**Student:** 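Structure incoming, see below.
Bear in mind the structure is a predicted one, so any value in this text is a computation, not a measurement. Numbering of ligands and ligand atoms starts at 1, following listing order.
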Amino acid sequence: MTPEQRSFFRERGYLFLRGALTKGQVRPIKDHILDELKRQKIWSSGKSLSASVKEMPAFQQIAKLSGSIKQHDLQARLVTQDMLSAIASLAEARVVPAQSQLLISLPDQGGWTLNGLNWHTDISSSHPNRPPGIQAFVLIDDVKDKGGATLALAGSHLPESQRESSRIREMLRRCGDMESELRSGNLSVVEMSGQAGDAYLMDMRLLHTPSINSTRHVRMMATVRYFLA
Ligand SMILES: O=C(O)CCC(=O)C(=O)O
């Protein structure tokens with residue numbers, strides 16, 4: 001980890017790691033997801049096989065798919081020794097692994113929007129000046145912009161933003177002139193798109209949300225959370 005990467009992470013609350021895993025490392029996970037979508041009669045060869053799953057509201061669909069498709073040894077497959085060292089170095093503390101899960105959305109969930117998303121943090125932070133944990137998001141397949149990648153609000157981990165957290169969430173819900181409001185608060189929306197094998201490391205104080213997959217491709221990502229020991 002370079003000093004620049006460490007200071008970027010401290011300031012923005014996330015770090016992009018291009019090619020953290022090779023395509024060969026993520027390919028078996030992609031194949032498993034596609035096999036399971038077919039076996040469970042949900043989606044195959046570019047077609048939806050289940051009207052009930054297809055018609056679910058976008059975020060309910062993600063929860064349903066992520067709950068019904070399990071990958072054995074997901075954490076060991078996703079987190080290389082290099083990634084683990086990067087996480088420990090950014091945390092500046094010992095970390096322990098917590099939950100890991102697949103994040104899957106079907107294609108064509110509707111028009112992409114920043115309206116009505118579900119911005120949240122997963123755990124509350126007992127200490128405003130250090131992350132309670134670091135969450136890794138790994139792209140199992142290429143995810144294009146507007147392809148349902150997780151969105152994070154860079155800068156929202158800083159103590160001044162945390163104090164303003166309810167105002168920021170309200171602003172994100174209203175989605176008025178959001179860009180200029182975000183800029184004035186030194187905040188920016190990061191879309192975790194990229195190519196298979198890319199990864200994002202995120203300070204768990206950052207507000208984040210699932211997003212709408214407006215593309216014709218299944219969104220396949222996976223996540224592992226690490227808590228500070
Ligand atoms: O991309 C998604 O589906 C949401 C991910 C999320 O909110 C989480 O893992 O905490």
Side-chain angles (χ1 to χ4, degrees), residues 13-17 20 26 29-30 33 36-37 42-43 53-54 56-71 74-75 77-79 83 87 91 95 97-110 112-125 131-154 156-157 162 165 168-169 172-173 189-215 217-228:
Y14 79 97
L15 191 66
F16 175 55
L17 299 177
V26 291
I29 308 178
K30 172 177 168 175
I33 294 172
E36 278 298 295
L37 286 172
I42 296 172
W43 195 88
V53 176
K54 169 96 185 124
M56 275 178 189
F59 302 148
Q60 206 175 311
Q61 185 192 81
I62 295 171
K64 154 92 184 147
L65 295 180
S66 302
S68 56
I69 301 183
K70 302 290 179 204
Q71 168 72 67
L74 183 59
Q75 185 212 322
R77 288 168 182 268
L78 293 178
V79 183
M83 202 191 296
I87 291 170
V95 290
Q99 316 88 348
S100 54
Q101 73 187 107
L102 295 170
L103 301 171
I104 303 162
S105 341
L106 292 185
D108 300 319
Q109 289 184 318
W112 199 85
T113 177
L114 281 172
N115 255 320
L117 301 182
N118 180 19
W119 293 95
H120 65 280
T121 50
D122 292 352
I123 46 171
S124 58
S125 156
I134 292 187
Q135 188 167 356
F137 293 88
V138 178
L139 275 64
I140 303 302
D141 194 14
D142 296 352
V143 182
K144 293 190 190 335
D145 288 351
K146 305 192 176 174
T150 313
L151 307 181
L153 191 64
S156 58
H157 62 307
Q162 286 188 62
S165 172
I168 293 170
R169 282 177 208 227
L172 289 164
R173 252 193 306 275
V189 175
V190 177
E191 186 170 7
M192 297 190 190
S193 51
Q195 299 194 340
D198 292 346
Y200 291 79
L201 301 182
M202 186 189 82
D203 180 322
M204 290 187 73
R205 290 171 296 177
L206 235 59
L207 285 167
H208 61 284
T209 177
S211 71
I212 305 292
N213 181 3
S214 299
T215 68
H217 304 279
V218 179
R219 184 278 297 241
M220 295 183 231
M221 296 175 61
T223 188
V224 190
R225 298 177 181 85
Y226 282 84
F227 295 143
L228 268 65

**Student:** Side chain, backbone, both or neither: which applies to Arg219 and ligand 1 if a contact is any heavy-atom pair less than 4.0 Å apart?
**Tutor:** side chain

**Student:** Show me which atoms of ligand 1 lie under 4.0 Å from any heavy atom of Ile62.
**Tutor:** 3 (O)

**Student:** Search all heavy atoms of Ser105 against all heavy atoms of Asn213 and return the closest pair with its distance.
**Tutor:** O-ND2, 3.7 Å

**Student:** Where on Asp122 is there a heavy atom closer than 4.0 Å to ligand 1, on the side chain, on the backbone, on both, or on neither?
**Tutor:** side chain

**Student:** Which of the numbered atoms in ligand 1 are below 4.0 angstrom from a heavy atom of His208?
**Tutor:** 6 (C), 7 (O), 8 (C), 10 (O)

**Student:** Verify whether the ring centers belonging to Tyr200 and Phe16 lie closer than 6.0 Å.
**Tutor:** yes

**Student:** Is the shortest distance from a heavy atom of Met192 to ligand 1 less than 4.0 Å?
**Tutor:** no

**Student:** Is a donor from one side chain sitting under 3.5 angstrom from an acceptor on the other, for Gln75 and Tyr226?
**Tutor:** yes

**Student:** So if I count the atoms of ligand 1 from 1 in the order they appear, which ones are less than 4.0 Å from some heavy atom of Arg225?
**Tutor:** 8 (C), 9 (O), 10 (O)

**Student:** What protein heavy atom lies closest to atom 1 (O) of ligand 1? Include the residue and the distance to one decimal.
**Tutor:** Thr150 OG1, 2.6 Å

**Student:** Under 3.5 Å, is there a donor-acceptor pair linking the side chains of Ser193 and Asp145?
**Tutor:** yes

**Student:** Find out whether Leu151 and Val190 are in side-chain contact, i.e. whether some heavy atom of one side chain is under 4.5 Å from a heavy atom of the other.
**Tutor:** no

**Student:** Counting heavy atoms only, which of Met204, Gln135, His120, Gln99 is nearest atom 7 (O) of ligand 1?
**Tutor:** His120

**Student:** Would you please say whether a donor-acceptor pair under 3.5 Å links the side chains of Gln135 and Thr223?
**Tutor:** yes

**Student:** If you count every heavy atom of other residues, nucleotides or ligands that lies below 6.0 Å from Lys144 atom NZ, does the total exceed 12?
**Tutor:** no

**Student:** For ligand 1, which is the ligand I care about here, please tell me if Gln101 has any N or O atom under 3.5 Å from one of the ligand's N or O atoms.
**Tutor:** no

**Student:** So which bit of Met221 gets within less than 4.0 Å of ligand 1, heavy atoms only: side chain, backbone, both or neither?
**Tutor:** neither

